[in-house]
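First the structure, in the form of structure tokens, and then the observations on it.
Proteins come first, then strands; the chains are lettered A, B, ... in the order of their sequence lines, and each starts at number 1.
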Amino acid sequence: MTDPFSLSETDAPAPQPGGIAARARAAAGGRRYLDGLNPEQRAAVEAIDGPVLVLAGAGTGKTRVLTTRIAHILAEGRARAHEILAVTFTNKAAREMRDRVALLAGPVGEGMPWLGTFHAISTKILRRHAELVGLKSSFTILDTDDQIRLLKQVLKAEDIDDKRWPARSLAYQIDAWKNRGLDPAHVPAGEAAAFANGKGGRLYALYQERLKILNAADFGDLLLETLRLFKENPDVLKQYQDRFKYMLVDEYQDTNTVQYLWLRLLAQGRHNVCCVGDDDQSIYGWRGAEVDNILRFESDFPGAKVIRLERNYRSTGHILAVAAGLIAHNQGRLGKTLFTDDEAGLMPTVTGVWDSEEEARGIGEEIEQLARKGHAYDEVAILVRASFQMREFEERFITLGLPYRVIGGPRFYERAEIRDALAYLRCVAQPADDLAFERIYNTPRRGLGESTLQQLHEYGRLQRVPLIEAARFMIETDEIKPKQRQALRDLLANFSRWASLIGEKPHGELTEMILEESGYTDMWRKDRTAEAAGRLENLKELVRAMEEFPDLAAFLEHISLVMEAETKDAGPRVSIMTLHAAKGLEFETVFLPGWEEGLFPHQRSLDESGRAGLEEERRLAYVGITRARRRAKIYFATNRRIHGLWQTTIPSRFLDELPPDHVEVVEAATGAAYGGYAQSRFANMDSFGSTYGTPGWRRAQRRTEETRAESGASSGGGFARKTSQRGPMQIEGELIAKSSASSAFAKGARVFHQKFGYGAVAAVDGNKLTVDFDKAGRKMVLESFVEAKG
DNA sequence: AACTTGTGATTTTTT
DNA sequence: ATCACAAGTT
């Protein structure tokens, strides 16, 4: 709360607390917004011409630099608000930036039409030139649900077993291609062939065709089609290059390939592009983010200035030291060293507990203790690696009566009832919206099933008309059974009646009427499950939210890209969220449970991405620690239930990587935690002191641990032996052995796999093999799962 | 068309 | 263990 960057000091017209010089500048009508910036921040703000990369470590005032830079450009008269492009990843970030610019620069800031997410800005551009990419400017934006429904249809039409080739995976694959800027024609042949026995590329192409027929774009298209628009229409590109005199990009480390290409095209105009980011906080590689974009910036944009923000205004000394010590284990980083003038403060703690239940209990107690000392609940957060960890905390907090809230979870507009309600509105307002129609045509139940829908599809395809129109025709024929025909007729009559009321009735009321008359709200009222009441609440909230828009069309336009969940706050609460959701936030006290091998770093991340995966996990740990202002409290459990089975776990390797001089190891209340394996490891942390620090020593230590455990002398006997032989040793072996040495398998080698049978190695990537299996097709497998077959 | 049983998957998440 | 989803059954 004592944020030295609090904006109030810069927006108030009152005399500044900034000393004589500052006051003199203010009196001279000077650039007060620059006051209080440190030299690096100021350099980042003032270097407005040419490409600039601002490497902004956690808590170094990144958003402040971005917003002040915009204010500076405006104040200097270098560009007007509509000539600045400012891109963020999330709506939340965009909103925050807009608000803060408004505080600095006044109402001009609010009028920035090109401040928004990549997707929102792309949509805006695309609607203006839609016909150039084969869409109408009224195109609808499909979300993931619609996308999957459509893909299922494509798979069915191609007669592909969607059990073996799920629509979900195809959606994921297509998304990945789009993230990399690949349209169907440019997907590498090998990758296109990998899905559904060679049909992947064709399915992608068919899906794109269907999208065009439906006049729809999915999220990936918004970027990819804009890119295509720019590439195929140099005049259009030129127009935007000229328009955007200055460009700013937030969270540059999260850009994927399309976004990078999109930016580069635009930046080729005036070269005034400023990217702000932190390679150490890149945690979205799994959804296409390319850390390389930030690592390559200087070569991509020749003559670029690179400015490092390393002065941290958030955390105390020990916390920063621990974060720095951990992240130093990553290779492939640009390298920054955060420092602070703040006190050393409390050391982060590491606490071992017996199991996840004790973990929840212990953390609950610590929070209660803090609360008794007067700490606010909303200054405490629990950051988990995976969402299943949340439940145990929730249960514990409910019994304790400790107020908490879970951040993340299903977003408001993704909830079934909201999507259903929206589908009704889409059917009424945009009668060509087949996907919306399919969604609600039998919701609530009105006796319409698969076979009737099939008939409508058939006619629709034949006549090239949307489903609703097909239905209008079909109800006049005998082809549909009487009962179904009547149900359809009623539904269509309702659609028409509601449609005629658009513009007549306020859209909020109209929506209520639709939900009432369609029987939709009744459906939930009759539902006696626990969630039903909440769903009705959400529908009310939806109506309330839409009333803030001038009309239905405006609401529908916004809904697909920006719709925020509500939650009016009922007092201060402890926040429970994933580490990913915590990026950009900060708390006085942060609890970091579950630091165990397999969970954190997550096994799957290691399996799928090897060393890169491990480094991303480490960055995630870094993000977690740097959320804390004054207290960071790490926990690990010796036993954890995974998929219903209790498993013995060993402490995360990240714990070993924390600088011992800055960490306090806490004995768990029960003492149980230090039985077994945990003991040997953490006892070392104290007794070995500084020797402990070298990576080589640690690796050696880990290799000998097995031996030591087997002797049973120093640590917990049989218990330790059992754990040391499992899982994590493999991880270690794999990572250390395989990252340096090359694979034992060569391209073309014949191999055998327990599940997929015989096959030939098509490619080798470290410990991962791409194998063409005789029966199962192309798969990527870990080397350790196949054996050589001559 | 609605209900029942069986199968498989189960990190992270925005737009 | 648990849940979602899909095929099989009534």
From the options B:dA1, B:dT11, B:dT15, select the nucleotide whose nearest atom is closest to the side chain of A:Thr117.
B:dT15
Strictly below 4.0 Å: does A:Arg604 bring a side-chain N or O up to OP1 or OP2 of B:dT10?
yes
Does B:dT11 have OP1 or OP2 sitting under 4.0 Å from an N or O in the side chain of A:Ser387?
no
Please work out the stems of DNA chain B from pairs that are Watson-Crick or G-U wobble with both distances under 3.5 Å, keeping only runs of three or more consecutive pairs.
B:1-10 with C:1-10
Please list, for nucleotides 6-10 of chain C, all pairs of protein and nucleotide N/O atoms separated by less than 3.5 Å.
unit_1, atom_1, unit_2, atom_2, d
C:dA6, OP1, A:Lys152, NZ, 3.1

From the set B:dT11, B:dA2, B:dT12, return the single nucleotide nearest to any side-chain atom of A:Arg445.
B:dA2
Rounded to the nearest 0.5 angstrom, the CG-NZ distance for A:Leu383 and A:Lys583 is 14.0 Å
Please state whether the rings of A:Tyr635 and A:Phe591 are parallel, tilted or perpendicular, taking 30° and 60° as the class boundaries.
tilted
Within the stacking criterion (centroid distance below 5.5 Å, interplanar angle below 30°), does A:His580 stack on B:dT12?
no
Mind telling me whether A:Tyr240 and A:His129 have parallel, tilted or perpendicular rings, with 30° and 60° as the class edges?
perpendicular
Under 3.5 Å, is there a donor-acceptor pair linking the side chains of A:Glu438 and A:Gln153?
yes
Take atom OH of A:Tyr172 and atom P of B:dT14, then tell me their distance rounded to the nearest Å.
14 Å
Given DNA chain B, 5'-ward residue of the pair A:Lys481 and A:Phe89, judged by closest heavy atom
A:Lys481
What's the closest nucleotide to the side chain of A:Trp286 if the choices are B:dT12, B:dT11, B:dA2?
B:dT12
Checking B:dT11, B:dT14, B:dA1 against the side chain of A:Ser605 (C-beta onward), the nearest is B:dT11
Using the P atom as the point on both nucleotides, what is the distance between C:dA4 and B:dT11, in whole Å?
15 Å
Sugar-phosphate, base or nothing in reach of A:Glu414, heavy atoms under 4.0 Å
base
Report the nucleotide, chosen from B:dA1, B:dT13, B:dT11, that has the shortest atom-to-atom distance to any side-chain atom of A:Thr452.
B:dA1
Using side chain to side chain donor-acceptor pair (under 3.5 Å) as the criterion, point out the one residue from A:Lys178, A:His119, A:Lys212 that pairs with A:Asp221.
A:Lys178
Taken to the nearest whole Å, NE2/A:His602 to P/B:dT11 is 5 Å
With the six-membered base ring of C:dT2 as reference, does the ring of A:His643 sit under 5.5 Å away with planes under 30° apart?
no
Between A:Asn91 and B:dT15, is there a contact of a side-chain N or O with OP1 or OP2 at under 4.0 Å?
yes
When all nucleic acid strands are considered with a 4.0 Å heavy-atom cut-off, which category describes A:Leu448: base, sugar-phosphate, or nothing?
sugar-phosphate
Record whether the side chain of A:Arg287 comes under 3.5 Å of the base of B:dT12 through a donor-acceptor pair of N or O atoms.
no
Could A:Lys62 and A:Glu251 be called an ion pair, given the rule that one side-chain N must be under 4.0 Å from one carboxylate O?
yes
A:Asn442 has a side chain; which of B:dA1, B:dT13, B:dA2 sits nearest to it?
B:dA2
Between A:Leu170 and A:Trp165, is there a side-chain heavy-atom distance shorter than 4.5 Å?
no
Short question: side chain of A:Asp218, backbone of A:Gln147 - any donor-acceptor pair under 3.5 Å?
no
Under 30°, 30 to 60°, or over 60°: which ring-plane class applies to A:Trp524 and A:Tyr520, parallel, tilted or perpendicular?
perpendicular
Contacts of type side chain to side chain contact (heavy atoms under 4.5 Å, CB included), residue A:Asn256, not counting sequence neighbours:
A:Asn179, A:Val258, A:Gln259
